[in-house]
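Data block below; observations after.
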Amino acid sequence: MIRPGGTVRELLNQIPGQNATVHGWVKTRRDSKGIHFLHISDGSCFSDLQVVVEEGIVPEEQMRSITTGSSVRVDGELVESPAAGQKVEMKAHSIHLYGTADPVSYPLQKKGHTMEFLREIAHLRPRSNTFGSVFRVRNALAHAIHTFFQNEGFLYVHTPILTASDCEGAGAMFGVTTLDLMNLPREKQSGKIDYSSDFFAKPAFLTVSGQLEAEIFAMAFTNVYTFGPTFRAENSNTPRHLAEFWMIEPEIAFADLKDDMELAERFLKFVINEVMNRCEDDIAFFDKRIDNTVLSTLNNVVSSDFEHVTYTEAVNILEKSDKDWEFPVKWGSDLQSEHERYLTEDVFKKPVIVTDYPKEIKAFYMRANDDGKTVRAMDVLAPRIGEIIGGSQREERLDVLKTRLAEQGLEESAYWWYLDLRRFGTVPHAGFGLGFERLMLYLTGMKNIRDVIPFPRTPGSADF
RNA sequence: UCCUCGCUAGCUCAACGGCAGAGCGUUCGGCUGUUAACCGAAAUGUUGGUGGUUCGAAUCCACCGCGGGGAGCCA
């Protein structure tokens, strides 16, 4: 394996004049009279290491088979580069060719490719500049998220991925079964599927949210967070939806919506700042080649205070605007994409937190306000991608929660343990959910969520 | 799921009822301590699939498949 010190990132920071070895894949190759230039990438950083191969070092026949995509080990000397473009380069003493990459059939040649094409070769796209940067940022962002919560004393809780409770209520779920689909057992009288012989002896699903279980842990460990895969079986075909995605869900006890909003803002600023510091080259690349508003947007988020408006205020703003809405603005209906984007992109030009939505359009567990009409919900809206965070203060009062369940036609018995939390030592608490890939879109300027996750799963598509 | 646009060389696109084209990539040659190099030449096609209209279909029509954008659902 390549041990610390041997990566391209570290070699590029070495003082010239010493021998070194580099392992990696050839990204480009250029030939001059009596000299070859190889750019070697091992994924450790945005920059490649330029290897200079003088004539006679390697047999010309072997040199010809060292093409874009081939894998090599180069032993040589790190030297100061006489040309512009890099400070340090490697003068090759010998090259070992691990594997060739036939230039006629290797699809990832040195040219511009569309994201759609690269998505079709998801097994090779990590070697491209763009996806190298995407997945380094993804790694740094995941780490920053843990760093933030660990620094703040939050407990990382692993909520279940398989769940037999269909009460999560956040959308269509994938069923999980070991029953023979060609020969399903049926109940004699009703003809319904008999789940008693299924693995869990009842219908089971992939989780759509860890929130309810996170609340259990918040009622013991005070501040907790989840960070794991989430599944939605919705037939959503948009650049913002995946069937499998990663979600971050903090849950904080002894806290209200104000604390929740403050946490969300501090969280976003911290992780953006971390990634900007750690992946400076990658972010610079996104700003230059993918979306030239990335840097200014991120700087704007880190340095500005988020705007706060209530749902009612937002509706007033929208009603007063002279925009022609495709969907009418009306108190009581949910804000449409066009409304959210107008608020965050045109009116405030920075992230906006909208709070206190009508209770009819929000989930049963959100805390009821005294006005009897609204609940303590919050959505964080960000320019370009819309809703990035959805959260709320949770209803901690047993009687009110029971009423809300009934209003929404939900069965109390299915929520017995959730209600128990309100029976035994209930406290005000709050939390939010954040789509990891949505945040990735924000950080990278990438346009399609399928291009910020290694292997996207969407309706009709689960390749690789 | 709905609306809309698209599917032609490895990739990105042109040709819009009458001989299948270009750029990039690739290959070969030239030039050059090169940097998304440059100059010259060459190879590469069942025009997404199945039917239909027509003397003749990449082009028009129908259905299917796949992809982009917008909407809904949502994170």
Side-chain angles (χ1 to χ4, degrees), chain A residues 27-39 47-55 64 67-69 79-86 89 91 101-121 124 128-129 169-172 208-211 226 229-249 285 288-289 326-327 333-338 340-341 361-363 379-382 385-391 432-442 447-453 458-461 463:
Chain A
K27 194 169 270 175
T28 71
R29 166 187 159 172
R30 289 177 298 277
D31 301 306
S32 271
K33 197 175 195 72
I35 194 168
H36 307 281
F37 297 93
L38 302 176
H39 275 201
S47 304
D48 305 319
L49 177 67
Q50 173 159 280
V51 169
V52 182
V53 189
E54 288 174 1
E55 201 163 15
R64 263 199 297 278
T67 56
T68 299
V79 296
E80 236 175 277
S81 178
Q86 60 281 315
E89 63 187 21
K91 189 176 167 185
D102 175 26
V104 175
S105 51
Y106 184 60
L108 198 65
Q109 288 300 339
K110 187 180 66 177
K111 71 183 290 290
H113 291 294
T114 59
M115 296 303 158
E116 292 78 18
F117 172 68
L118 290 168
R119 208 175 295 147
E120 290 169 9
I121 51 166
L124 298 172
S128 67
N129 281 335
V208 291
S209 168
Q211 181 199 314
T226 74
T230 310
F231 308 88
R232 302 279 166 89
E234 245 112 40
N235 193 5
S236 300
N237 293 287
T238 84
R240 301 180 306 283
H241 289 86
L242 291 165
E244 175 184 290
F245 63 100
W246 288 64
M247 189 154 65
I248 300 108
E249 295 174 291
F285 170 80
K288 189 177 168 192
R289 289 291 176 87
E326 190 184 336
F327 295 91
S333 20
D334 211 354
L335 300 178
Q336 301 292 317
S337 287
E338 56 172 343
E340 294 182 345
R341 293 191 60 157
I361 59 175
K362 288 293 180 185
D379 282 1
V380 180
L381 312 178
I385 56 172
E387 184 182 337
I388 191 170
I389 286 180
F432 61 79
L434 169 104
F436 184 59
E437 286 78 14
R438 294 252 173 109
L439 188 51
M440 279 293 295
L441 290 178
Y442 204 62
K447 300 288 179 295
N448 195 312
I449 201 163
R450 299 166 193 199
D451 300 325
V452 293
I453 189 167
T458 54
S461 171
D463 294 329

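Lettering of chains follows the sequences in order, A, B, ..., and the numbering in each one begins at 1.
- For A:P103, whose side chain is taken as the heavy atoms from C-beta onward, the closest listed nucleotide among B:A71, B:U26, B:U35 is B:U26.
- For A:N129, the side chain to side chain donor-acceptor pair (under 3.5 Å) test picks out A:K27, with sequence neighbours left out.
- With sequence neighbours excluded, the residues satisfying side chain to side chain contact (heavy atoms under 4.5 Å, CB included) with A:R341 are A:E345.
- Contact check, A:T28 against B:U35: no side-chain N or O comes under 4.0 Å of OP1 or OP2.
- Separation of the P atoms belonging to B:A43 and B:A22 is 11 Å when rounded to the nearest angstrom.
- For A:D102, the side chain to side chain contact (heavy atoms under 4.5 Å, CB included) criterion is met by A:V104, A:S105, not counting sequence neighbours.
- A heavy-atom distance below 4.5 Å is not found between the side chains of A:P239 and A:K447.
- A distance of about 47 Å separates the C1' atoms of B:C73 and B:U35, rounded to the whole Å.
- Residues passing the side chain to side chain contact (heavy atoms under 4.5 Å, CB included) test with A:T458, sequence neighbours excluded: A:L242, A:R450, A:S461.
- Looking at the side chain of A:A83, the nearest of the listed nucleotides B:U35, B:G72, B:G68 is B:U35.
- Here A:N235 pairs with A:N237 under the side chain to side chain donor-acceptor pair (under 3.5 Å) rule; sequence neighbours left out.
- Counting only heavy atoms from C-beta outward, the side chains of A:D379 and A:K362 approach each other to under 4.5 Å.
- Qualifying side chain to side chain donor-acceptor pair (under 3.5 Å) partners for A:E116, counting only residues two or more places apart in sequence or in other chains: none.
- For a distance-only test at 3.5 Å, the side chain of A:R289 qualifies as a donor-acceptor partner of the base of B:A36.
- To the nearest whole angstrom, the two P atoms, one in B:U59 and one in B:U8, are 13 Å apart.
- Partners of A:E338 according to the side chain to side chain donor-acceptor pair (under 3.5 Å) rule, which considers only residues two or more places apart in sequence or in another chain, do not exist here.
- Side chain of A:H241, nearest nucleotide from B:C73, B:C31, B:G68: B:C73.
- Comparing the P positions of B:C7 and B:C16 gives a spacing of 14 Å, expressed to the nearest Å.
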Summarise how protein sits on nucleotides 10-15 of chain B as a single string, 5' to 3': B when a protein heavy atom is under 4.0 Å from the base, S for sugar-phosphate-only contact, - for no contact.
-> BBS---
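- Listed pair A:R29 / B:U35 fails the phosphate criterion, with no side-chain N or O lying under 4.0 Å from OP1 or OP2.
- Proximity of A:N237 to the phosphate of B:G67: no side-chain N or O atom is located under 4.0 Å from OP1 or OP2.
- Using a 4.0 Å heavy-atom criterion, one finds that A:R240 contacts the bases of the nucleic acid, with or without backbone contacts as well.
- OP1 or OP2 of B:A37 sits under 4.0 Å from a side-chain N or O of A:K110.
- Map A:I449 and A:R341 each onto its nearest nucleotide of RNA chain B; the residue landing nearer the 5' end is A:R341.
- Counting any heavy atom pair closer than 4.0 Å across all strands shown, A:Q50 reaches a base atom.
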Pairs counted as Watson-Crick or G-U wobble with both distances under 3.5 Å: what dot-bracket string results for RNA chain B, using | for bases tied to another strand?
-> (((((((..((((....[..)))).(((((.......))))).....(((((..]....))))))))))))....
